[in-house]
Structure formats: C-alpha cells, structure tokens
Amino acid sequence: MLVLLFSQDSNFTKHTNLPDFPACFQLSVLPWAPCIFLWLTSPFYIFYLKRNNRGYIMMSILNRIKTVLGLILWIVCWTDLFSSFHEMSQNQLKPPVYFVTPLVLGMTMLLATFLIQFERLKGVQSSGVLFIFWTISVLCAIVPFRSKIMNASQAEVSSDKLRFTMFYIYFGLTLLQLILSCFNEKPPLFSSVVTDPNVCPETTAGFLSKMTFWWFTCMAIKGYKSPLENKDLWSLNKHDSSELVVPNLLNEWEVEKSKAQSEQSVKEQAAFRKAGPGAEPNHVSVSPEEEEVLLSKRKEARQPSFLRALLRAFGPYFLIGSAFKLLQDLITFVNPQLLRMLIDFTKQPQAPSWWGYSLAFLMFSASLLQTLILHQHFQYCFVTGMRLRSGIIGAIYRKSLVITNEAKRSSTVGEVVNLMSVDAQRFMDLTTFLNMLWSAPLQIVLALFFLWQNLGPSVLAGLAVMVLLIPFNAFIAMKTRSYQVEQMKYKDERIKLMNEILNGIKVLKLYAWETSFQQKILQIRQKELHVLRKTAYLSALSTMAWTSAPFLVALTTFAVFVTVDENNVLDAEKAFVSLSLFNILRFPLNMLPQVISSIVQASVSLKRIQGFLSHDELDPESVDRRNNTSEYAVSVVNGKFSWAKQDQAALDNINVMVPQGSLLAVVGHVGCGKTSLVCALLGEMEKLEGQISIQGSVAYVPQQAWIQNATLRDNILFGRPYAEQKYRCVLEACALTPDLEVLPGGDQTEIGEKGINLSGGQRQRVSLARALYSEADVYLLDDPLSAVDAHVAKHIFDNVIGPEGALKGKTRILVTHGISFLPQVHNILVLVEGRVSEMGSYQDLLKQNGAFAEFLRNYSLEDIIEDDEVTDLLVDDEEEEFPDDALSNHTDMVDNEPIVNEARRQFMRQMSIMSNDPENPKKMSRRRRCSERRHPESPSEKKELKVEKLIQAETTETGRVKLKVYWEYAKAVGPLLSLFICVLYGCQSATSIGANVWLSEWTNDALLNRTQDRVHMRVGVYAALGISQGVLVMFSSFTLALGKIQAARKLHQTLLDNKFHTPQSFFDTTPIGRIINRFSKDIYVIDEVLPSTVLMFLGTFFASLSTMIVIIFSTPIFALVIVPLMLLYWWVQVNRNKSANSLIQHANVCCCCCCCCVLLCRSRIEFICLLLNMDVTMSLNWMVRMTSDLESNIVAVERVKEYSETATEAPWIVKDKQPPPDWPPKGNVEFIDYSVRYREGLDLVLRNISLEVKGGEKIGIVGRTGAGKSSMTLCLFRLLEAADGEIVIDEVKISEIGLHDLRSKLTIIPQEPVLFSGTLRMNLDPFEKYSDEEVWKVLELSHLKKFVSNQPSKLELECSEGGENLRIATLYLTIQRKSQNCEIKSMLFSCDRVLVLDKGKIAEFNTPTNLLAQKGIFYGMAKDAGLA
C-alpha cells in the first residue's frame, strides 16, 4: 500500500521544490516507528535489568521531571484519542488511524514512564534505550512539524486547532525528554562510585557520552598538558578487575571439568555393562580383548573444553560487541545504494537540487553512524580481550601453584612464562578479529548479492576466483598451525634455559661458562627463527592471495560481463556501484589472512593452555585437616607416598603419631626421605596408601629459605598485621636483632630478589621468624639450623624450637643433622631408605642399639678436632668457661677419615660433661623467655634512616615514542630494505588507484558508443595494472618477511650478548622477571606482532595517502577542506587522544564535501573521488587503530634496546694482555692496598687490604656478618671491580687481563648449588674438556659416585629444571655441607694462617695457634662457637 501511495504521490514527495510526505504516512508510519522500537526492546531490556541490579537510586528532581513529562505526554496523546471519540459522537467520521495512533502513542508513553522508574530502582543512571526512543520520536516528528507549519501558512484558518495545539505540545515535551535523557542520575546508594575517590568516569557516563567516548576527554586534555603517569589513571572498573574475572572463569572451567568427568563415568558404566550379563562386579570375567577395548575407550574420553569455559565466561559481553558489528556491516551497504541513486540523480538535469543534497547528507550520516558503531564494537572487543587475558593469566597462575610433581616435570618454568605472556596475549589479540569469522562471509555474501543485482550472472566468475582461493588458504592454515606448535616448543625451551641462566648467572660468571650457554640459547633461537621464517613466507603468500583477490574478482567479473554479451555496457552506474561493492569486499578479504593467522595461533595456544589446566592437581583432601578430639596433632597411618603416581614409593609403611605440643626430631642419613616426609605432611606428594591427619594450622620452614623482594619486616610479617611486642620477641628469638644493627635501614632494609643481600644464615633466620610470627598450631621445620653457625643454631634451638623456646606448647617436627639437640627433644624418628626404622625417646633409642645408635656413631666420629696444638691449648686453659653449645660445634660435619685419636675423643667428652654440669656457677642460662629480657629500642622508635632502594622501580618513558625507536627498528630491518619496503607499498597503492582511474576512463566509452572497439584494450590494461599490484604485494610481503626475521635475530642477539656481558651488580638489583619479560613477551612482539602491525599500517597509510593525492589532483578545491582536517588529525594523534572524534570528522566531512563536488560538477572523475572517499573512511578507521597499535608494539623495541645498552663488565679476553697458558704456575696471591665497593655511591666494603699469600698456603677467612668475607672472594673473580689498589696473582695484575682468562684459571665451590637442565655430565663439564674417568673421580670426591652409579643413565642422567629431580638432600647436604665444614676445619685446625676481617679491614692475620693465644677477635669467635 505504501509503495502504491508513494508511486501515486511521487510528484508530491520528490519531483517538486517543496517536498512533503502524504498525510496517511505522517499519521501512521512516522509515529508508530518509535513505538515499535520501544515495545520490541522493552521485554529484553527489562529482563536484562532484572539480571543486572546495580542498586537503588533515590528519587531526584531530574527523575521527577522526566516522570511528570511522561505522564503529561500520555495525557496529550489520549486527548487526541478522546477528541476522535467526541467527533465520532458528533457524527464526524474519522479514519481508524485517528483512533489507533493516539492509543498506541499513549500506551507507549506509559511504558516509557514505567521504564524511567524501573531503571531508577535498578540503579541505571543513563538509559540508552530511552535515549534512542526519544531521538527517533523527535526525528519522526520533524516531518509533521514542518508539514503543519506549511499547511497553516497556506490556510487562513486552521481546520483542527486542538490537534494542531496538541501536536506542538507533544513535540516540545518529546524534545525536552530527549534533552533531559542526556543528563545522568546520581550513583546508586552504597555503590563503589561513591566510595572510590578516583573512579573511572565511564561508570557514571551517560549513553551519549559512552557512544562518543566523551567521558575520555578529560584524560586526553590531561595527557596534552603533561605526559600521563600511572597515578593519573582512573581506578579499574570492578567488573574488569581480576577479583571478579578470574573466579568467574575458574568456576566455568570447574563446571566444564565436572561435565567431562560425569560423561566419562556414564560411558565407562555403559561399557562395563556391555562386558556381559554374567560378569562379576570385579570384572574378573572380562576377556583381555574386551579389557583392551575398554581401556582404549577410556583413553578416548572427552577432555574438558577450555573454549567452552571461555565462551560461557566472556561470551555474553562479547556478543554485545558482535551486535554492533552486525549493525555496522549492514550500514556499510547503504552507501553503495545511495551512490546508485546519486549517479541516477546526475543523469537527470531537471531533478531538484534538494534531492542530491539529501543523498549527500544521508551518505554523510551513514558514514558517521557506521564509525560510531564500529568503535563501540572495538570497545567491547578490547574490554573482552583484556578480561580474557586477565582471566587466563589468573587461571594459569593458580594452576601452577597446585599441579602435581609429575605435572611439573612436563611443564617447565619456560612453558608457564610463555603461557602467561605469549599465549594469553594471543587470545587478547584475537578478540579484535574474532567477529570477522562470521562478518567476513556475511559481507562477502551481501556484496555478491548486490553485485548480482548490478552485473547479473557475471558475478559467478568472481565467485569462482574466491572459491579457488579456499583450498590454497586451507593448506596455508594447516601448515602454519604445525609451524606454530613447533615454534612454541622452541620458545618454551629457550625461555626455560634463559630462566635457568639468569637464576645461575653468578655461577656462570664464576666458572666462565657464558660462552657455552650463550651458544645453547643461540642454537635454540636459530631453530625458532627457521620456523618463524617458514611461517612468514606462508603468511606472505596468504597476504598476496587475499590482497589480490578483490581485484581478481573485479577483473574477471567485468571481463566476463563485457564479453559474454555485446549489449552489456559498462556505464558509470554499473562500474562505480560495482567498484564500491568491490571495495567493501576488499576489507574482509584483506583481513582474512590476519584472521586466519590469529585463529591458528590462538588454537595452538588454546591447546597448550587447556593441556596445562588439565594437569592433575595435588589432592587437597590427602591431608585430613578436620579438628577432632584426638590427642595427636599429627598422625600418619600406613602411609605410602611417591613423588609421582608412576614412580616408586619414596616413603613406605610410615606410621607416625605426634602428640599435641611435642617436639619430634626426624633424623637419618642423606637421601633417606626426611624432606619427603615433610612434603608428604604438607600434601605435596602423591598419597598411594594410608591416612594423614593434622590438627590446626601449619607453618613450614623449608630447607632453602624463600625470600621476597620486600623489606625485612614485610618478609617476616608476610601480610599479617604488625604487633610491636610480638615482633620484637620474634626478632630476638631468631637472633635477628644484631643483624638489624648491621643492615643499613634496620628492618626497613629492602631485601633483594631471593635474599641476594642476605647471607644464607640470615635468610634462614628470616624464614624461621616468619613461621614463628604466624603463630600456627603445627610447625614443620626442614633442617632450618643447617645454614647457621653453631652458636646461632644453639641460640635458635634454645629460644625457639627447644623445650623452653618460644614454640613451647606447639607441635614441632624438626628435621635435623645436629645430634647435640637430640637429647632435648621428646621423640626421635629414624628414617632408613624411606621407612621408619625406629621411633622413641633419645634414651630408649640408645638402649635399642639400632639404626639410631649407628647414626650417632657415624656422626660422632666426625666431630673431632684435628689440631693437637689447639687441643692442648684449650685443655690447659681451664679457667675459661665452656658455654652451653660446646658439644654442638661441628656436629654437622660429614668427614669420613677413618683414623680418630682417642685423646681427642676424651677431650670432647670432658667438654660435654663440663658444659652440662648443673653445678657450674659460671654457666649462664640462655633460656629466659622474651618477656624477661630488656628489649632493644624498637625499630619504629629509631630515627628514620634514609635507605637506598636496592631494587629500583622499572623505568618507563613518558610521552610519545621517540622517532629514534622507529629508526632503531628500521636499522634492525636494514635501512635500505626498510626504504625498499615503503617504496613497494607506495607503488602498490599507486597501481590500485591507477586501476580505478582507468576504470573511470573505461566508463566514458559508453557515452561515445565505442565499448566494443576498445574492450580488449581496456580489459588488458586493467588486468596489467591489477597483476602489477599483485606482484608488488608479493614482493613487499616477502621483503617484509625477510626484514622481520633479520630484525628479530639482530635485536635478540644484541640483547643476549649484552646480558651475558652485564656485571653481576645488575642482576643483584634487577628482578629476574623483568629480564625474562624482555626475552619472552617483548621478543614475541618483535617476532610476530610488530611485523603484522607494520604491514597493516603501511597498507592503510599509503592507501589513504594515495587517495588524498588523487582527490586533491582531480578536485583542487577539496584541498581547502582536507588540509585543515589533516592538521587537526595530526594534532589529535600527537596528543595521544585515541578516541574516534578526529576520525569521524576527518573521514565523513571528506565524504560530505566530495558529494557536494559531485553535485556541482557531475563528472566521472568526481565519482572516483567519491568512491575513494567512501573507501578511505574504513582505511582511516584502521589507520587510527594501526597507528595506536604500532606505537604500543614498538615499545617492545624500546624495552629491548634499553636492556641491550646497559653497562657491561670488562672484556672476556684481552688479546694483548693474555697470560701464559700455564698461568698461574705458583699460586702466589697479593692484595696491594685494595679497596672495593658493591656499586657506585655506596660505602667501601673492603678498605685498604694488603696481604700476601704464598702458593700452596691454606688460608682461612673468618669474620662476623658484614665483615667482607664474601667480598674478598668476589674480588678475586672480579665480580666486584677495585675502587683502589690491585690484586696480583703470580706477577700478573688481574685487572689487566680478560675476565675469562682469569676466571677459567680459578675455581670455587658456590655457597648454593646450581644445576641446569641437561645431562649431569654437561653440568660438570659444559665445554667437554675432561675425560669420563676424570669426571667419575670428581663425583667420588664429592660422595656422589654411588648415587650416580645407581642411575640407569649414569653420567647422562637428565637433570630437570633447577635439578629438582635430584633432591636437595643429595646435592645441598652433600656438596655444600662438605665444602662448608671442610672450610671450618681448615680454618681452625689445618690452615696455615687465618685472616680475620672486621668492618672491611684486616683485624688479625696469623696462625690459628697464635690467634687463640692473643685472645683477640678470633678467640672471641671461637669462644662463641664453643671452641674456646
């Protein structure tokens, strides 16, 4: 009916200078349109509000006004209705529309009024639904507004004054409602908006502000005035925070796992039922064949899908963005139809001008609306991507804390780092393109549909081209996926090894092993780059295919169209409308390579993440923590435990009962399972059989202390509230009070990563203090006294662990090698080869004369002083008292010398008797409780010290990325190659524009009736231009691929080389995570993300630039518009406002101006300009996006360059100063007035040291904490460079030779054992300089020969990451304890001389006998240690 109506009234609506719509249309369609919208959306909107209640908003003046206006509108509408009924009663018949429209409008106004109040109750501050409703209502009322004025001006007296008046009241109230809907209500009561002082304005922004991103304007202005810093940013929206995002994803993942498990159990039950009706419950009757089938079915069980969990967690929010994308896609096809109408308008000289301007305005409006909607789609995609990344990282982090030991073997640290940094980032990158999965086919189908309408069946030729590309790209996608899997494997290996290198960098420098490990990294990197190169070539082929596809489709379609029928003429309408559709087709086809690449990468990452999250977890129920009335705090009944399910049991037949408040000591030889028992109690091992029960909370002190990069106080408090009295008691009990006086900032001293600026003993005491402060019920202490001196161990035992210590009344399980403490414990558990050999009190076990007695005998033989002269001196000095810990000295030694002097044993017994004599009046009890002592001044009462921060905050550049950074990347690619790439992209755009201009000339043939004469020439040139474009695309893609590989290799090589040459002080003050991030996330961006961003930026940039050139060339007046707009665009980009405003103004004003030019000139070339403007709208959209992405991603180059240019240490080899091959022949060492400091600006740690050591002489170095003992060792290896003076070894100044020449000639046993993943032989001899016999000899001397011989692989035993498959008991207690105790014995009994350091200076230097006789510092230390 409407079509008929318009056809009858076309002269009234279009072919006139005063157009107007028919009265029927104005009374029906226009007022019904907003009503239909509101009634259709209201059910869904109400349902949404019920599901998302944000709180309650108090009634405000604004809300009251809107409600009153809604009721008045209802009254106005129904006034018309009652007027119609009144007229009917007066026999004045009216059409039904006079009854229906007021009724519908009135009901709609009541619905709108209801929504105003319902939104208030649900906490909606600004309504988008009502804003759109009022906007449509005002727009639809403008036409009758104008019509009624025109009719009133033509008629002297209005025939219907009531309806005339009611309409204008209606229009005014509707306009007022639209204005009021632009303002926001107050925030809901008790919302975070009220309490957060720095809330993000987006949460309170109105609908219009959100659509135009106006809420971001204040941040853009602030960024214009000064560079933005972290403190300038708003608080994160709560629904975007990890606090909500991570639990939401984890909950959906748990649901998915439960579904998979339930499906599996149902299938297994069904499968076992099929085994036969007579089968027994234990399935004994199942045949081997049936059992094999059942097992294979179990293996084929459905794995839980992490993708489904992601979709359920983030899908609903993402679908809103998808809806915007759908709307934008549909609006995209409006402009080609408007272009058809515009071309048709130019063919009619008599057509009214208003029609042309209306079409231009509609094209402008369509582009404006398209841009607004597109950026809303981007906003939802970006937020979804951010939530995805946060949720995935949180899920991986949580999983890494609970996976089993078996899973840890397959999931290395390198893999976990890559999962968090690379794989999670890929999901974030994918969300931007994910909608193209359905959007690209939709746009292609719609474009082909409209092309069919325009060109007919000729479109099938173009469709055939696209179909032919599908198998080609499918092959590329499959190959790319396989390469991605391979590449991620190498990336995991590289990051794993890099993590180990950084953790053991000090050992590498001490042993001069940097070259060997650098080559290992480069070998892996070379494999990674080889795969990356193949991937880049495939990507280049894909890019070439899809970039050339739109032109090939256009070429084949036009060629078939003009050749199949002589009557087919390529006129302006067909050419330009088709070309506009081909340009629309170009975007989805150009985006498909990026989409396919992102999906392939994300699918690989999805499989990796899903595999990691599907790993078995430690069973939280393996340890029963329910409180019961049992008298035992810890009980293990028939326990059988292993480190992995398929491993042999490490502990078997474990039965332990620990009464409440008792102290249990666990002893045994190295490797017997003591640490395993503690781990089993913590639930860290696989429980194969038995039961474990622990009552109350648990505190754990590990064998290797775990220290955070925080202040010493924070390391002890560990998040608990600070209680001064309790804190001071803990410090004193753990012997940390003297250390606070040494540390520069007291307990506010920042502790470096892994406690780098603390000694081993200090770290252990901090770890113990943390456990003591926690006030747990059960304490698991895994040999905490092994790293401290003997007298400190005695203090800690007496004041913390022992019967009268601070933990008196707590349940304690102590793993120890110190036999002197055993008489004071309540019970002793003896482990032998993973089994409980004996358990009982000290006296009971001695009487049994079993494994415990043997253990005591073995260790007691090692507790003998070897120096006769020292022994005689000590025996003669009867006046000196013997402290409590006289027996405890050196009980931890592991020395297997068979000859023991009876006199020395007797002397030790005498010391034991005297130290335990209760009648000794000189004996001072050290077991006073903390409350009985006079506390030192509390840390809070001390004068605040200005402490230098050890770990400096990571430096960040502010403002725009400097051009130097782009130049650095161009240099890495190659300056000439970079220029060549830009030229290729420029030529590519030029050929594309040339093809369009040629097509414009082709359409002129239709006017001259020469279409058939020139068709072959026109097609040939058009094809040549298109093929040239394809060839240029291919060359540019392959050239960019070569450049990106070259840049990736060079930047990584420079970074790696610098880090191996960086001095140790850098690693001491820089968290490893920062360095790892450069090698993982930043290198990934340089390898994969940045090149694709550069590709898309260059494409959009040159396309936009060439378009502007063509438009200005063809229409010079256009320069008056484009130049100011480009200046504005540049200003906005410079000031980092990434909102859509500049883009909207730029692109759409261009389009509007070009339409006006077409209207004025009505020529072919202007149609090309208009066509290019329509295309440049999308190009500029993506150019803004790519500019932002390019600036974000180029930061990776900046970060890598920053760490590639850090200060380096001295050269490894100085060729003209190389010492002789046999250097040093004697081993004479001389310090000449030597001074050193750790870093510039710090105090000297060694001051004016001068001494001379003869070759072969044994020197012991002793001193209190901070005296400079370790510093002297580091100086010999030049890990610390001299501030003054020299060190001379055999007449060679070590400061003049290369570091490798020096370090390779020295050897050291590190304080902490460091192992790298690889074979045991590689860890002992990475350069393969020694024979197997020599390696076995070293293992024998280190007491590891038996252990290695029992391994199937012998020297080729694979060491896992960090040597975790070789327990600390095997490594630490054997190698480290051997070295430490031998050093102590040498110092006291077999050293030729002993050097005593005090505050960085030489205090004493003489033989041990003379030093003891002097009764100076050395004598005092010996006395404190129980040796004097």
**Student:** May I ask you to decide whether R765 forms a salt bridge with D739, counting only side-chain N to carboxylate O separations under 4.0 Å?
**Tutor:**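 A salt bridge is present here (some side-chain N lies under 4.0 Å from a carboxylate O).
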**Student:** Under a 3.5 Å distance rule, please check whether R713 uses its side chain to pair with a backbone N or O of Y722 as donor and acceptor.
**Tutor:**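 Looks like no, no N/O pair under 3.5 Å.
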**Student:** May I ask you to test the M1272-L1246 pair for a side-chain heavy-atom distance under 4.5 Å?
**Tutor:**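 Yes, their side chains come closer than 4.5 Å.
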**Student:** What's the spacing between S767 OG and Q704 CD if we round to 0.5 Å?
**Tutor:**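 One gets 11.0 Å once the value is rounded to the nearest 0.5 Å.
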**Student:** Which heavy atom in L736 sits nearest to a heavy atom in Q762, and how many Å separate them?
**Tutor:** CD2-O, 4.5 Å
**Student:** Are V815 and L781 packed together at the side-chain level, in the sense that at least one heavy-atom pair is separated by less than 4.5 angstrom?
**Tutor:** no
**Student:** Which heavy atom in I654 sits nearest to a heavy atom in G834, and how many Å separate them?
**Tutor:** CD1-O, 3.6 Å
**Student:** If I take atom OG1 from residue T711 and atom CG from residue N715, how far apart are they, to the nearest 0.5 angstrom?
**Tutor:**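 T711 atom OG1 to N715 atom CG measures 7.0 Å (nearest 0.5 Å).
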**Student:** Report the distance from atom NZ of K794 to atom CG of L785, rounding to the nearest 0.5 Å.
**Tutor:**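 One gets 11.5 Å once the value is rounded to the nearest 0.5 Å.
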**Student:** Output the distance between atom CD1 (I694) and atom CG (D777), rounded to the nearest 0.5 Å.
**Tutor:**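 Going from CD1 on I694 over to CG on D777, the span is 11.0 Å.
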**Student:** Can you name the residues that form a ring pair (Phe, Tyr, Trp, His ring centres under 6.0 Å) with Y842, not counting sequence neighbours?
**Tutor:** F852
**Student:** Can you see whether Y632 engages T811 through a side-chain donor-acceptor pair at a distance of less than 3.5 angstrom?
**Tutor:**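 Distance-only check fails for Y632 and T811.
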**Student:** Keeping the roles fixed (side chain from T1069, backbone from S1065), state whether a donor-acceptor pair exists under 3.5 Å.
**Tutor:**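 Flag set: sc T1069 to bb S1065 pair under 3.5 Å.
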**Student:** Please give me the minimum heavy-atom distance between S786 and D783, naming the atom from each residue.
**Tutor:** OG-O, 3.1 Å
**Student:** Is a donor on one side and an acceptor on the other found under 3.5 Å between the side chain of Q764 and the backbone of P702?
**Tutor:** yes
**Student:** Given 3.5 Å as the limit, does a donor-acceptor pair link the side chain of R812 with the main chain of L664, or not?
**Tutor:**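 The answer is no, because no donor-acceptor pair under 3.5 Å joins these two groups.
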**Student:** Any side-chain to backbone donor/acceptor pair from Q824 onto P803? Under 3.5 Å, distance only.
**Tutor:** no
**Student:** Under a 3.5 Å distance rule, please check whether R770 uses its side chain to pair with a backbone N or O of W706 as donor and acceptor.
**Tutor:** yes
**Student:** Can you tell me how far apart CD (Q660) and CD (E631) are? Round to the nearest 0.5 Å.
**Tutor:**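 Answer for the CD-CD pair, Q660 versus E631, is 9.0 Å.
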**Student:** Would E750 and N709 count as having a side-chain donor-acceptor pair, cut-off 3.5 Å?
**Tutor:** yes
**Student:** Main chain of A1403, side chain of D1398: is a donor-acceptor contact present, judged purely on distance under 3.5 Å?
**Tutor:**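 Not at all, since once roles are kept as given, no pair shorter than 3.5 Å links the two residues.
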**Student:** Less than 4.5 Å apart, side chain to side chain, heavy atoms only: is that true for H669 and K674?
**Tutor:**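 H669 vs K674: side chains apart.
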**Student:** Determine the minimum heavy-atom distance between L712 and Y727, stating which atoms define it.
**Tutor:**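 It is CD2-OH, 4.2 Å.
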**Student:** Hey, is the main chain of Y773 close enough, under 3.5 Å, to the side chain of K726 for a donor-acceptor pair?
**Tutor:** yes
**Student:** Using side-chain contact (heavy atoms from CB on, under 4.5 Å), reason through L1397 and I1261 one step at a time and then give a plain yes or no.
**Tutor:** CA-CA 7 Å; L1397 293 176; I1261 304 176; 4.0 Å; yes
**Student:** Does Q1414, at its CD atom, have more than 12 non-hydrogen atoms belonging to other residues, nucleotides or ligands within less than 6.0 Å?
**Tutor:** yes
**Student:** Hey, are the side chains of Y700 and L681 touching, using non-hydrogen atoms and a 4.5 Å cut-off?
**Tutor:**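 No - every pair of side-chain heavy atoms lies 4.5 Å or more apart.
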**Student:** Using a 4.5 Å cut-off on heavy atoms from C-beta on, say whether the side chain of L743 contacts that of L758.
**Tutor:**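 A side-chain contact exists here, since the closest heavy-atom pair is under 4.5 Å.
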**Student:** Within a strict 4.5 Å, meaning less than it, do heavy atoms of the Q748 and L740 side chains meet?
**Tutor:** no
**Student:** Apply side-chain contact (heavy atoms from CB on, under 4.5 Å) to the pair T816 and V666, showing each step before the final yes or no.
**Tutor:** CA-CA 6 Å; T816 182; V666 180; over 6 Å; no
**Student:** Could you tell me the separation between the CG atom of L677 and the CE atom of M685, rounded to the nearest 0.5 Å?
**Tutor:** 9.0 Å
**Student:** Among V766, L772, V792, find the residue that satisfies the side chain to side chain contact (heavy atoms under 4.5 Å, CB included) test when tested with C734.
**Tutor:**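 Exactly one candidate clears the test, L772.
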**Student:** Restricting to non-hydrogen atoms, name the atom on G673 and the atom on L651 that form the minimum distance, rounded to 0.1 Å.
**Tutor:**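 Closest heavy-atom pair between G673 and L651: O-CD2, 3.6 Å.
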**Student:** Test side-chain contact (heavy atoms from CB on, under 4.5 Å) on D714 and Q708; report intermediate values, then the result.
**Tutor:** CA-CA 9 Å; D714 290 339; Q708 288 181 299; 5.9 Å; no
**Student:** Under 4.5 Å between any side-chain heavy atoms of V701 and Y779, yes or no?
**Tutor:** no
**Student:** Answer yes or no: is there a side-chain heavy-atom contact under 4.5 Å between T1273 and I1308?
**Tutor:** yes
**Student:** Just checking, is any N or O donor in the side chain of D1068 or Y1238 under 3.5 Å from an acceptor N or O on the other one?
**Tutor:** no
**Student:** Determine yes or no for a side-chain-to-main-chain donor-acceptor pair under 3.5 angstrom, with K810 supplying the side chain and A776 the backbone.
**Tutor:** yes
**Student:** Would you call E732 and R728 a salt bridge, using N to O less than 4.0 angstrom?
**Tutor:**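 No salt bridge links E732 with R728.
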**Student:** Should S841 and H826 be marked as a side-chain contact (heavy atoms from CB on, under 4.5 Å) after you check the CA-CA gap, both sets of side-chain angles, and the distance that decides it?
**Tutor:** CA-CA 6 Å; S841 67; H826 297 116; over 6 Å; no
**Student:** Tell me whether N799 contacts the main-chain N or O of H795 through its side chain, where contact means a donor paired with an acceptor under 3.5 Å.
**Tutor:** yes
**Student:** How close do P1408 and V1394 get, counting heavy atoms only, and between which atoms?
**Tutor:** CG-CG2, 3.8 Å
